[in-house]
Amino acid sequence: MTEDQVNRRKRLLYQSTHRGTKEADIIIGGFAREKLNSMSTEYLDQFEELLSVSDPDLMLWLNGQQEPDERFRTPVWELILKFNNKD
């Protein structure tokens with residue numbers, strides 16, 4: 001892994017664990033801690049785009065109260081949903 005890749009993962013982890021709401025920090029940050037180091041560049045791109053979404057919107061999507069926009073319905077989104085619903 002190059003230094004740029006390592007730094008990108010560190011930045012994404014920080015952004016994931018400092019979202020602004022405790023719920024999003026737990027869900028998105030927990031997902032990032034578990035999955036970030038094994039993500040491909042394509043998945044990192046998808047995850048980074050999801051991080052641009054506000055916490056209220058993310059939480060509505062995660063709680064099933066609203067559907068995410070089409071552009072956010074990615075394989076990474078599916079992984080986050082599975083992570084959020086694991087026992």
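- Looking at every heavy atom in both residues, Gln46 comes nearest to Pro75 through OE1-CD, 3.4 Å.
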**OP:** Determine, step by step, whether Lys35 and Ile80 satisfy the side-chain contact (heavy atoms from CB on, under 4.5 Å) criterion, reporting the C-alpha distance in whole Å, the side-chain angles of both residues, the deciding distance to 0.1 Å, and the verdict.
**Re:** CA-CA 10 Å; Lys35 304 288 187 185; Ile80 291 171; over 6 Å; no
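- Expressed to the nearest 0.5 Å, how far CH2 of Trp77 lies from CH2 of Trp61 amounts to 6.5 Å.
- Atom CD1 of Ile26 sits about 12.0 Å away from atom OG1 of Thr17, to the nearest 0.5 Å.
- Annotation: the span from Leu36 atom CG to Ser16 atom OG amounts to 6.5 Å, rounded to 0.5 Å.
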Subject >> Criterion salt bridge (charged side-chain N to carboxylate O under 4.0 Å, His left out) on Arg8 and Glu48, from CA distance to verdict >> reply: CA-CA 10 Å; Arg8 183 180 189 195; Glu48 192 165 21; 2.7 Å; yes
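- When all heavy atoms are compared, the tightest approach of Ala32 to Leu13 is CB-CD1, 4.0 Å.
- Around the CD atom of Glu3, the shell of radius 6.0 Å holds no more than 12 heavy atoms that belong to other residues, nucleotides or ligands.
- Between the side chain of Asp57 and the backbone N or O of Val53, no donor-acceptor pair lies under 3.5 Å.
- Note on Asp55 versus Arg19: salt bridge recorded, some NZ/NE/NH1/NH2 to OD/OE distance being below 4.0 Å.
- Evaluation of the ring-ring contact (aromatic ring centres under 6.0 Å, His included) test over residues 34-53, restricted to residues two or more places apart or in two chains, returns Phe31-Phe47.
- Rounded to the nearest 0.5 angstrom, Ile28 CD1 and Leu62 CG are separated by 5.5 Å.
- Val76 has its side chain out of reach of Glu49: every pair of non-hydrogen atoms, C-beta onward, lies at least 4.5 Å apart.
- Between the CG atom of Leu12 and the CG atom of Leu50 there is a distance of 11.0 Å, given to the nearest 0.5 Å.
- Judged by distance alone, with hydrogens and angles left aside, the side-chain atoms of Arg9 form no donor-acceptor pair with the main-chain N or O of Leu44 at under 3.5 Å.
- The CG atom of Leu58 lies 11.0 Å from the CD atom of Gln66; values are rounded to the nearest 0.5 Å.
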